[in-house]
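To start, the structure under review is shown below, and the notes come after it.
Start at 1 and go down the list; that is how both ligands and their atoms are numbered. Because the structure is a prediction, the values reported are computed rather than measured.
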Amino acid sequence: MLAVKNLEVVYDDVVLALRGVSLEVPDGRIVALLGANGAGKSTVLRSLSGLLDIHEGTIRKGGVSLDGDSVGHLRPSALASKGVRHVLEGRRIFKELTVEENLRTGAHTARRQLKANLERVYGLFPVLADRRQGQGGLLSGGEQQMLAIGRALMSNPRYLLLDEPSLGLAPKVVERIRDIIVEINSHGTGVLLVEQNATMALQIAHHGYVMENGRVVMDRPAEELLADQDVREFYLGLG
Ligand code: ATP
């Protein structure tokens, strides 16, 4: 299990972004992390993947653990080799590289596995297989999101941290991304899903957390959050 406990994070020694956050991502589960802009969701993901440093962020209290071992001090590459992969917001792909070259940058494995993983990713995203020699930057927004997810899958992650994968995409593409997350999870990968699209996230998640001002204010099974009228109105901005 991947977890944060009583986590306090500051940026530049001044901005208190997390004020004692605890949450868990059990193996093989989809966990939704919801909340308004600035609530601290991306900061939770950065804490779990080791990316806080490059944003001048520091863990001031509490910790990050993987199977009970403290991993809050590890670099992103060390966490990636333990199976934790972070897909950043904004589809950060290498625009000048081909689709296949992009996918290869995500692999930490031996050649034989690399081939098998490529085939697996192409099976999941046939559109990437069709464009394998095309330039990443020429893909549509949805295809670039698929490429970003596909790249993370090249290392067979145990946990996938997804930051706003549906942002700016057309409803049909959002549906496709949703189905893909479900499919990835069905093969055993745990998913921590940060989403503005709360309905989509809660429909596929097992559990949901809602954050507000650096704190977790709701921690409940996803179907309960989706069904609760007050939660829908006050925390999720749904009708
Ligand atoms: P969004 O959806 O806008 O990304 P979020 O819920 O993911 O919001 P965070 O990005 O984690 O929230 O931000 C939490 C708080 O930390 C905010 O007040 C934000 O301004 C601040 N913050 C985030 N990144 C940095 C940074 N690199 N330097 C300073 N402050 C930051």
Side-chain angles (χ1 to χ4, degrees), residues 2-25 30-65 71-76 79 84-93 141-142 144-145 148-149 152 159-169 173-174 177-178 181 190-205 207-220 222 225 231-238:
L2 189 60
V4 298
K5 191 145 196 220
N6 301 326
L7 197 65
E8 259 188 43
V9 168
V10 284
Y11 287 109
D12 303 317
D13 285 329
V14 282
V15 183
L16 185 54
L18 301 186
R19 302 159 185 264
V21 168
S22 298
L23 65 78
E24 296 178 346
V25 188
I30 301 179
V31 175
L33 182 55
L34 310 171
N37 283 345
K41 306 177 300 294
S42 299
T43 303
V44 171
L45 296 197
R46 287 172 195 157
S47 308
L48 288 166
S49 66
L51 282 175
L52 266 183
D53 262 12
I54 59 166
H55 295 269
E56 311 293 336
T58 320
I59 294 178
R60 199 158 75 171
K61 279 192 195 153
V64 182
S65 67
V71 292
H73 57 289
L74 294 184
R75 300 196 155 274
L79 281 156
V84 182
R85 288 300 294 257
H86 187 166
V87 180
L88 301 173
E89 186 181 333
R91 315 188 258 279
R92 311 275 175 79
I93 60 153
Q144 289 189 19
Q145 182 63 66
I149 296 173
Y159 304 99
L160 202 53
L161 315 176
L162 296 176
D163 202 347
E164 310 252 8
S166 79
L167 194 70
L169 302 180
V173 187
V174 174
I177 298 281
R178 180 196 63 195
I181 297 170
V191 178
L192 182 56
L193 174 60
V194 166
E195 260 301 331
Q196 289 295 327
N197 188 335
T199 311
M200 181 276 249
L202 291 174
Q203 276 169 351
I204 61 172
H207 199 85
Y209 293 89
V210 181
M211 288 187 68
E212 212 177 59
N213 290 325
R215 290 194 173 86
V216 169
V217 292
M218 291 269 161
D219 167 1
R220 290 167 64 183
L225 287 174
V231 172
R232 290 170 63 86
E233 269 177 45
F234 298 122
Y235 290 109
L236 307 180
L238 303 168

For Ser22 and Asn6, the nearest pair of non-hydrogen atoms, with its separation, is OG-N, 2.9 Å

Contact between Met211 and ligand 1, counting heavy atoms under 4.0 Å?
-> no

With a cut-off of 6.0 Å (strictly less than), are more than 12 heavy atoms of other residues, nucleotides or ligands near CZ of Arg220?
-> yes

Asp12 contact mode with ligand 1 (heavy-atom cut-off under 4.0 Å) | side chain

Under 4.0 Å to a heavy atom of Ala36 - the qualifying atoms of ligand 1, by number = 6 (O)

Crowding at CG, Asp12 (>12 non-hydrogen neighbours, <6.0 Å) | yes

Closest to atom 4 (O) of ligand 1 among protein heavy atoms sits Ser42 OG, 3.4 Å

Please state which part of Glu56 comes within less than 4.0 Å of ligand 1, counting heavy atoms only: side chain, backbone, both or neither.
-> neither

For Leu79 against Leu48, the heavy-atom pair lying closest together = CD1-O, 3.6 Å

Give a yes or no answer on whether the side chain of Glu195 reaches the backbone of Ser166 with a donor-acceptor pair at less than 3.5 Å.
-> yes

protein heavy-atom neighbour closest to atom 24 (N) of ligand 1 works out as Arg46 NH1, 3.3 Å

Tightest non-hydrogen contact, residues Ser47 and Val64, listed as O-CG2, 3.7 Å

What residue and atom, counting heavy atoms only, is the protein's closest point to atom 31 (C) of ligand 1, and at what distance?
-> Tyr11 CD1, 3.3 Å

For the side-chain contact (heavy atoms from CB on, under 4.5 Å) test, which of Leu162, Val31, Val25 pairs with Val191?
-> Leu162

In the protein, which heavy atom is nearest to atom 27 (N) of ligand 1, and how far is it?
-> His55 O, 3.3 Å

Kindly indicate, with the supporting measurements, whether the criterion side chain to side chain contact (heavy atoms under 4.5 Å, CB included) is fulfilled by Val87 and Arg92.
-> CA-CA 8 Å; Val87 180; Arg92 311 275 175 79; over 6 Å; no

Under 4.0 Å from any heavy atom of Ala39, which atoms of ligand 1 are there?
-> 5 (P), 6 (O), 12 (O)

If you have a sec, work out which protein heavy atom is nearest atom 9 (P) of ligand 1 and how many Å separate them, to one decimal?
-> Thr43 OG1, 3.6 Å

Under 3.5 Å: N/O of Ala17 near N/O of ligand 1 | no

Measure the distances from the heavy atoms of Gly57 to every atom of ligand 1 and state whether one is below 4.0 angstrom.
-> no

Kindly say whether Glu24 contributes a backbone atom to a donor-acceptor pair with the side chain of Lys5 at under 3.5 angstrom?
-> no

Over all atoms of both residues, closest heavy-atom pair of Val44 and Met211 = CG2-SD, 3.9 Å

Looking at atom 19 (C) of ligand 1, would you say a protein heavy atom lies below 4.0 Å from it?
-> no

Is the backbone of Asn213 close enough, under 3.5 Å, to the side chain of Arg19 for a donor and an acceptor to pair up by distance?
-> yes

Would you mind checking which non-hydrogen protein atom is closest to atom 12 (O) of ligand 1, with the distance to 0.1 Å?
-> Gly40 N, 3.1 Å

Can you list the ligand 1 atoms lying under 4.0 Å from a non-hydrogen atom of Glu164?
-> 2 (O)

Distance from atom 2 (O) of ligand 1 to nearest protein heavy atom, with residue and atom | Asn37 OD1, 3.3 Å

Atom 8 (O) of ligand 1 has as its nearest protein heavy atom Gly38 N, 2.7 Å

